[in-house]
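Note that ligands are numbered from 1 as they come in the structure, with each ligand's atoms numbered from 1 the same way. Nothing here was measured: the structure is a model prediction, and the numbers come from that model.
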Amino acid sequence: MHSGLPYWIIKNRLYDYYNPLKDDVTADVAVIGSGITGALAAHELCKAGFDCCVLDKRSIATGSSAASTALLQYEIDLPLHKLAGKIGEDKAVTAYRSCLDSITELGKILEEASVQADFVRRPSIFYASDSKGEEIIAKEYEIRTRHGLPAELVSREALREKYGLHTFSGALCNCEAAEVDAYKAATGLLDYDMRHNGLRVYTHTEISDCIQDECGCILTDMDGHTVKCRYVVVAAGFEAGQFLPEKVMKLTSTYALVSHPVDERLLWPGRALIWETAEPYVYMRTTKENRIIMGGEDDGFYDPKRRDRRLARKVRTLEKKFCDLFPDIPFTAEMAWCGTFSSTDDGLPFIGPWKEGDRVFYDLGYGGNGITFSVIGAQMISRTLSGHQDSRYGIFGFGRLWDD
Ligand SMILES: Cc1cc2nc3c(=O)[nH]c(=O)nc-3n(C[C@H](O)[C@H](O)[C@H](O)COP(=O)(O)OP(=O)(O)OC[C@H]3O[C@@H](n4cnc5c(N)ncnc54)[C@H](O)[C@@H]3O)c2cc1C
């Protein structure tokens, strides 16, 4: 799943909680997965008055959420002008706008539950890596401003003067991004709902079977215990394949590192999140402790052993890229890790039932913006189970697989 200890588990220490399922139980909704997606879904469902339980085969939130570099941006992996070409401009803009709103929503959710997950609003700098990138920036600026989405063009010279950032060309910037500690957010929300909303969390409980009929669902774990419920939410991240009738995501490998702490006065102003137009892209952010987190250098394969062998080389490449971009900031990697990453063809998540009327809801926030998708999924599913309509299933639902 990931290897090399991710920074967040070391910084926050492992959340000590061990509670395997020992009996047959019932619930209104059972959520498979205790990462940021499952935690947010359970939180919204508890808030809506559902009796919920969360099941995870590992310790709480130790899947991808513990490895995440947790930049929150309203831009998804596919630039808006390309997504518009794929699914139509209206739908693409709605997808982007949903991501924009989800950042504010996440801040509110954490604040209301008093979860201190180091959520901080930041500017975002999306710089052109090369001349092809300059075209992307120009097209993105045009379509985003036409739809009132936040976007500002900043020249190469201004990036150098204001941020000490040495780029090939200019960038598209906005002030709507944020950073968070996804591990702290997930563990904090689950802890809140266990204490305030009767949420039950069963760890070290692997669900091996999920069946549904018109009355409800039955989950069975590896020891034969069952959970009878009205609905299931599958928030099992990239391991959700076992619960899906068909494969819908591509698995790749990604790499991340965290630097030694840097003298605060040397960090770039505003501590913007920085990423680029190249594919795969590199990206960076800072932490509360004045470290720099950097990631990227993705490989298009899923083979954990091969991925792990490449880590040392990837770290050297990332370090070099950082020094090219910020020659005036001293930078040494302190620790590094690799992770599996899931993506979809259109860069959008899969949220909702496989087919209308099903009682199993998938909440699969695949892509570089997985966390913003987790917020959207939690709110869509909670609204639906509470009897409300959400037209965004037309964008994020499985129906788009058969529409193509
Ligand atoms: C290195 C890296 C960097 C990233 N950077 C960013 C970023 O900057 N911004 C961003 O938005 N996203 C980023 N992502 C993606 C983001 O981290 C993920 O989208 C998000 O963490 C997924 O959360 P999740 O809860 O869906 O999955 P997970 O955190 O993987 O949780 C799924 C859980 O399901 C459990 N599970 C699976 N199968 C079963 C089963 N059969 N029975 C019981 N439990 C099961 C697993 O044990 C796991 O705990 C990054 C990912 C990686 C790896």
> Does ligand 1 have a heavy atom under 4.0 Å from the side chain of Tyr283, from its backbone, from both, or from neither?
Replying inline: side chain
>> Given Thr69, Leu257, Val31, identify the one with the heavy atom nearest to atom 4 (C) of ligand 1.
In response: Thr69
> In ligand 1, which numbered atoms sit nearer than 4.0 Å to a non-hydrogen atom of Ala67?
Replying inline: 1 (C), 2 (C)
> Between Lys11 and Glu289, does at least one N-O distance fall below 4.0 Å, as a salt bridge requires?
Replying inline: yes
>> Distance under 4.0 Å to a non-hydrogen atom of Gln242: what atoms of ligand 1 satisfy this?
In response: 41 (N)
>> Can you tell me which portion of Ala61 lies within the under-4.0 Å heavy-atom range of ligand 1? Options are side chain, backbone, both, or neither.
In response: neither
> When you look for heavy atoms under 4.0 Å from ligand 1, do you find them on the side chain of Thr254, its backbone, both, or neither?
Replying inline: side chain
> Which residues pass the side chain to side chain contact (heavy atoms under 4.5 Å, CB included) test with Asp263, sequence neighbours left out?
Replying inline: Arg265, Leu266
>> Only heavy atoms of Gly63, strictly under 4.0 Å: list the atoms of ligand 1 that pass.
In response: 29 (O), 30 (O), 49 (O)
> In terms of atom number and element, which parts of ligand 1 are under 4.0 angstrom from non-hydrogen atoms of Leu71?
Replying inline: 7 (C), 8 (O), 9 (N), 10 (C), 11 (O)
> How does Ala235 reach ligand 1, by side chain, by backbone, by both or by neither, if only non-hydrogen atoms under 4.0 Å count?
Replying inline: backbone
>> Which residue is it: Glu112, Glu105, Glu111? I am looking for the one with a salt bridge (charged side-chain N to carboxylate O under 4.0 Å, His left out) to Lys108.
In response: Glu105
> Any ion pair linking Lys355 and Asp358 (charged N to carboxylate O, less than 4.0 Å)?
Replying inline: yes
> What are the atoms of ligand 1, with element, lying closer than 4.0 Å to any heavy atom of Gly365?
Replying inline: 19 (O)
>> Distance check, rounded to the nearest 0.5 Å: Asp346 atom CG versus Phe396 atom CZ?
In response: 9.5 Å
> Can you tell which of Asp56, Val54, Asp298 gets a heavy atom nearest to atom 49 (O) of ligand 1?
Replying inline: Asp56
> Is there a nitrogen or oxygen of Ile32 sitting under 3.5 Å from a nitrogen or oxygen of ligand 1?
Replying inline: no
>> Among Gly237, Cys338, Ser64, which one puts a heavy atom closest to atom 30 (O) of ligand 1?
In response: Ser64
> Short list, please: which atoms of ligand 1 are under 4.0 Å from a heavy atom of Phe243?
Replying inline: 41 (N)
>> Would you compute the distance between atom CD of Gln73 and atom CD1 of Ile103 and round it to the nearest 0.5 angstrom?
In response: 7.5 Å
> Counting from 1, what ligand 1 atoms have a heavy atom of Thr340 closer than 4.0 Å?
Replying inline: 53 (C)
> Hey, does Gly339 come in under 3.5 Å of ligand 1, counting only N/O atoms on both sides?
Replying inline: no
> Looking only at non-hydrogen atoms, which of Ser65, Gly33, Ser59 approaches atom 29 (O) of ligand 1 most closely?
Replying inline: Ser65
> Using a heavy-atom cut-off of under 4.0 Å, does the side chain or the backbone of Asp363 touch ligand 1, or both, or neither?
Replying inline: neither
> Can you find a side-chain donor-acceptor pair between Asp209 and Thr220 that sits under 3.5 Å?
Replying inline: no
